[in-house]
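Data first, discussion second: the structure below is written as structure tokens.
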2 protein chains.
Amino acid sequence: MTHVYIDRIGEFVGQTVTIKGWLHNRRSSGKIHFLVVRDGTGFLQVVMGKNDVPEETFKAADHLSQESSIIVTGTVREDQRAKGGYELTAHALEVVSTATDYPITPKEHGVDYLLDRRHLWIRAERQTAILKVRHEIINAVRDFFNHQGFILADTPIFTPAACEGTTTLFPVQYFEDETAFLTQSGQLYNEANAMALGRVYAFGPTFRAEKSKTRRHLTEFWMVEPEMAYADLNDVIALAEGLVSSVVARVLDKRATELKVLERDTSKLETVTTPFPRLHYDEAAKILLDKGVPFQVGGDLGGTDETVLSQQFDRPVCVTHYPAAIKAFYMKPDPNQPDRALCVDVLAPEGYGEIIGGGQRLDDYDLLLQRIKEHQLPPEAFEWYLDLRRYGSVPHGGFGMGIERCVTWICGLEHVRETIPYPRMLYRLYP
Amino acid sequence: MTHVYIDRIGEFVGQTVTIKGWLHNRRSSGKIHFLVVRDGTGFLQVVMGKNDVPEETFKAADHLSQESSIIVTGTVREDQRAKGGYELTAHALEVVSTATDYPITPKEHGVDYLLDRRHLWIRAERQTAILKVRHEIINAVRDFFNHQGFILADTPIFTPAACEGTTTLFPVQYFEDETAFLTQSGQLYNEANAMALGRVYAFGPTFRAEKSKTRRHLTEFWMVEPEMAYADLNDVIALAEGLVSSVVARVLDKRATELKVLERDTSKLETVTTPFPRLHYDEAAKILLDKGVPFQVGGDLGGTDETVLSQQFDRPVCVTHYPAAIKAFYMKPDPNQPDRALCVDVLAPEGYGEIIGGGQRLDDYDLLLQRIKEHQLPPEAFEWYLDLRRYGSVPHGGFGMGIERCVTWICGLEHVRETIPYPRMLYRLYP
């Protein structure tokens with residue numbers, strides 16, 4: 001019998017097919033069992049009439065427990081009332097394995113209980129929907145860069161030095177007496193790659209040993225980081241706008257079913273088209289102060305500040321020209337306003353805050369060396385990075401976009417912890 | 001003036017365009033400069049006649065050093081003799097930054113010298129060709145799985161327990177008093193994901209603290225790992241064959257230029273079509289013994305054994321049914337031959353050896369628990385993994401494919417160290 005995945009069931013109307021999956025839930029009306037089966041690609045209602053199957057099959061279905069693995073053969077029927085528009089009229093049922101007392105029931109469970117059972121929790125309809133949106137976002141990001149001719153160049157996870165300070169680095173014992181640090185960003189390597197390959201992107205896990213327990217932080221998270229040679233801040237902003245709008249459009253197009261499961265208000269995503277509004281840091285500060293937010297002008301935007309700002313617009317907003325003093329050493333100062341960096345943060349709307357940070361990089365050897373010293377970083381660790389300014393330096397820039405924050409926003413979630421199969425947090429390393 | 005990337009130059013014949021890049025090399029015949037410019041997308045010869053540009057421009061080009069960054073404007077001409085088929089007749093030249101004494105010259109350098117300067121070495125024509133083939137392989141892999149409906153589900157880098165023993169794990173201090181280990185394989189998590197999403201793949205960096213200094217080992221390498229619910233060994237082999245043949249076909253199709261730079265004998269890749277030959281472990285052992293290789297029957301295949309075996313075929317070979325005793329605890333024994341595992345290793349031809357390892361997983365709770373104990377692994381660390389057999393266990397399987405070994409083979413390289421932008425090895429953590 002033809003094995004069919006539920007997401008393709010519509011191609012088999014009137015035919016007899018086999019589906020292989022797990023019992024999601026079940027109700028019975030004496031003479032009919034309604035079994036909702038999931039197979040990873042979707043959910044399907046199976047209708048089993050007492051007179052349509054052997055007696056022992058009907059009895060087996062009577063006691064079938066949640067998450068038991070089953071193989072069902074039956075005829076596909078179109079039914080507008082059914083979820084997904086199709087039903088299966090069962091002829092045969094094989095129970096592969098019975099699940100006794102599956103620990104996640106339709107009742108409410110606390111979040112710690114669920115996170116302890118994350119390997120099972122991901123089977124829930126809502127969780128699979130989030131993970132499919134994540135899949136779509138990641139592939140949309142890759143397609144966006146590939147179609148424009150960017151080359152994927154992986155930056156190392158083991159790094160000898162820190163990109164942005166050392167307090168939030170995870171140290172690893174690297175054989176006998178060396179210490180490696182887990183990367184926080186592939187950016188410095190990306191810059192070298194851009195000088196070799198023109199336009200590149202890195203896409204991998206990054207690590208931050210932050211002792212924050214906020215709804216925006218994971219210790220292990222995925223980041224995509226494009227970098228372009230011969231590019232300025234405007235090019236960087238245009239790239240960020242193009243990326244974010246194309247990712248949102250793709251999810252709206254391909255994952256409508258999942259967004260519906262998540263009860264996402266998609267009207268809030270449909271407005272995410274280019275151009276995005278741009279705010280100079282000073283304008284952003286003024287908005288915050290006008291709103292009565294106790295913002296310290298000259299300082300970085302905090303989570304609350306970002307939330308307030310991003311609530312002002314119906315699409316992401318690009319905040320530029322932060323004070324150079326609070327930004328990383330590799331940021332290029334604005335020639336017209338040297339205390340400001342040619343940088344951009346993109347804040348997602350609806351209060352979701354920063355999803356992208358980047359800008360134009362310092363391309364002058366002397367100034368870069370001076371900034372490294374000012375930041376009390378050891379110049380010898382940055383010898384190779386300085387080489388990029390010794391040999392054929394060009395204006396260049398790029399950004400990093402956090403995947404989990406993107407998923408949180410696009411799915412409309414409260415907390416970043418549901419956006420990755422196995423979240424790693426301050427007190428969470430299991431399963 | 002229109003900025004054009006060199007790989008698109010053919011679309012602009014007869015037009016005046018600007019290219020932005022770096023001087024790769026230069027020769028002069030008194031009245032004409034021939035400048036080869038690279039921009040990351042390709043290499044282009046620029047012809048600058050003394051009478052076609054202002055005197056100071058011609059003089060500037062006279063002293064231009066390797067890897068200086070330059071912007072050239074000129075007219076695109078078709079020329080069959082030119083590399084790539086096109087030339088640019090220069091009208092104007094802007095020197096962005098002069099590179100003095102670029103340390104990698106056309107002369108021969110030792111490998112350690114080059115690896116110390118990997119951030120510059122990647123600009124070499126051969127290295128960019130390898131990195132573009134890597135890019136193509138990775139995207140071909142992702143497209144293969146995406147088009148078949150697999151869902152990308154990232155498995156964690158920080159893990160609390162070991163997948164295959166602890167001697168080759170990198171420990172990380174995870175906040176105060178916890179130790180995390182860097183993942184060696186996402187497989188156990190993949191199995192949980194497959195029970196949730198049906199067919200999944202993980203694609204990320206993996207880590208092995210092996211003190212080997214062979215041409216096949218990196219401490220940090222990328223692996224793709226598909227896993228399928230409701231699948232047996234035959235499904236796993238079919239998937240592996242499909243993947244490898246489609247990746248090779250894609251590289252042949254899209255990266256002919258790069259394979260030519262690498263002087264790859266592509267006739268050796270054109271034979272990589274399905275089906276692949278299959279060898280039972282016992283047959284493999286017989287071939288080795290017949291060839292006079294001192295192979296210990298019952299043991300694992302070593303690097304030399306793999307090399308000898310893979311030289312026997314014009315395409316990858318699938319070796320199956322290794323002794324269960326030498327394979328991981330989660331391998332399913334063959335019901336017809338219980339001392340053998342339902343496993344498969346795929347060996348690349350031309351002596352390249354193992355690129356894929358996988359098989360069918362143990363789906364029986366009692367037997368899995370017994371195997372965990374036999375391997376002296378702590379059952380409490382595998383509680384969540386055992387849950388997958390408690391709740392809706394199904395036959396399932398998958399494999400892992402090492403990206404760098406694939407790149408080594410497809411590019412025809414001697415050593416795995418050139419297959420990743422920044423290789424990490426026993427004594428190499430810089431740059």
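Every chain is numbered from 1, with letters handed out A, B, ... down the list of sequences.
Looking only at side-chain heavy atoms (C-beta outward), B:Ile122 and A:Tyr189 stay at 4.5 Å or farther from each other.
Of the listed residues (B:Asn139, B:Thr41, B:Val95, B:Asp101), the one with the most heavy-atom contacts under 4.5 Å to chain A is B:Asn139. The choice from B:Thr98, B:Asp363, B:Leu120 that makes the most heavy-atom pairs within less than 4.5 Å of chain A is B:Leu120. When B:Ala180, B:Ala153, B:Pro103, B:Gly42 are compared by the number of non-hydrogen pairs under 4.5 Å with chain A, B:Pro103 comes out ahead. Each of B:Gly198, B:Ser65, B:Ser69 has some count of heavy-atom pairs under 4.5 Å with chain A, and the biggest count is that of B:Ser69. Contact tally against chain B (heavy-atom pairs below 4.5 Å) for A:Ala229, A:Ser393, A:Ala99, A:Ser68: the top residue is A:Ser393. Options A:Gly40, A:Gly392, A:Gly21 differ in how many heavy-atom pairs under 4.5 Å they form with chain B, and the most are formed by A:Gly392. Ranking A:Gln66, A:Glu191, A:Met425 against chain B, the residue ahead of the rest is A:Met425, based on heavy-atom pairs under 4.5 Å. Between chain B and the options A:Thr100, A:Asp143, A:Ile157, A:Ile70, heavy-atom pairs under 4.5 Å are most frequent for A:Ile157. Most heavy-atom pairs under 4.5 Å with chain B, from the set A:Val96, A:Asp39, A:Ile151, A:Leu182: that is A:Ile151. Contacts with chain A were tallied for B:Trp121, B:Tyr427, B:Trp222, B:Phe207; B:Trp222 has the most, counting heavy-atom pairs under 4.5 Å. For the set B:Tyr102, B:Tyr430, B:Tyr385, B:Trp384, the count of heavy-atom pairs under 4.5 angstrom toward chain A peaks at B:Trp384. Ranking A:Lys211, A:His3, A:Gln173 against chain B, the residue ahead of the rest is A:Lys211, based on heavy-atom pairs under 4.5 Å.
For the atom pair CG of B:Asp154 and CD1 of A:Ile403, the computed distance is 9.0 Å after rounding to the nearest 0.5 Å. Rounding to the nearest 0.5 angstrom, the gap separating the CZ atom in A:Arg424 from the OG1 atom in B:Thr159 is 7.5 Å. Rounded to the nearest 0.5 Å, atoms OG (A:Ser97) and CG (B:Asp364) are 9.0 Å apart. Taking CD of A:Glu178 as the start and CZ of B:Arg428 as the end, the distance is 10.5 Å to the nearest 0.5 Å. Considering CG of A:Leu188 and NE2 of B:His119, their distance stands at 12.0 Å, rounded to 0.5 Å.
Remark: the B:Tyr5 side chain and the A:Arg199 side chain contain an N/O donor-acceptor pair separated by less than 3.5 Å. A side-chain N or O of B:Tyr174 and one of A:Thr219 form a donor-acceptor pair less than 3.5 Å apart.
Heavy atoms of B:Arg142 lying under 4.5 Å from chain A belong exclusively to its side chain. Neither the backbone nor the side chain of A:Glu136 comes within less than 4.5 Å of any heavy atom of chain B. Only the backbone of A:Phe150 comes within contact range of chain B, judged by heavy atoms closer than 4.5 Å. Only the backbone of B:Ala194 comes within contact range of chain A, with heavy atoms under 4.5 Å apart. Heavy-atom distances place the side chain of A:Ile138, and not its backbone, under 4.5 Å from chain B. When heavy atoms are compared at a cutoff of 4.5 Å, B:Glu383 approaches chain A by way of both its backbone and its side chain. Contacts between B:Pro395 and chain A at a heavy-atom distance below 4.5 Å involve the side chain alone, from C-beta outward. Within the 4.5 angstrom heavy-atom criterion, only side-chain atoms of B:Pro205, from C-beta onward, approach chain A. Contact annotation for B:Tyr365: neither backbone nor side-chain heavy atoms come within less than 4.5 Å of a heavy atom of chain A.
The two residues B:Glu220 and A:Pro156 come nearest to each other via the heavy atoms OE2-CA, 3.2 Å. The shortest non-hydrogen separation linking A:Met195 to B:Arg123 is CB-NH2, 3.5 Å.
Between A:Asp387 and B:Arg117 there is no salt bridge, since none of the side-chain N atoms of the basic residue sits less than 4.0 Å from a carboxylate O of the acidic one.
Separation of the A:Phe170 and B:Phe175 ring centroids falls under the 6.0 Å cut-off.
Of residues 125-133 of chain A, those residues lying under 4.5 Å from chain B by any heavy-atom pair are A:Thr128, A:Leu131, A:Lys132.
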* B:His135/A:Leu197 under side-chain contact (heavy atoms from CB on, under 4.5 Å): CA gap, chis, key distance, verdict -> CA-CA 11 Å; B:His135 161 92; A:Leu197 296 159; over 6 Å; no

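B:Arg118 is linked by a salt bridge (Lys or Arg N to Asp or Glu O under 4.0 Å) to nothing, counting only residues two or more places apart in sequence or in another chain.
Using a distance-only test at 3.5 Å, with no hydrogens or angles considered, no donor-acceptor pair links the side chain of B:Arg134 to the main chain of A:Leu152.
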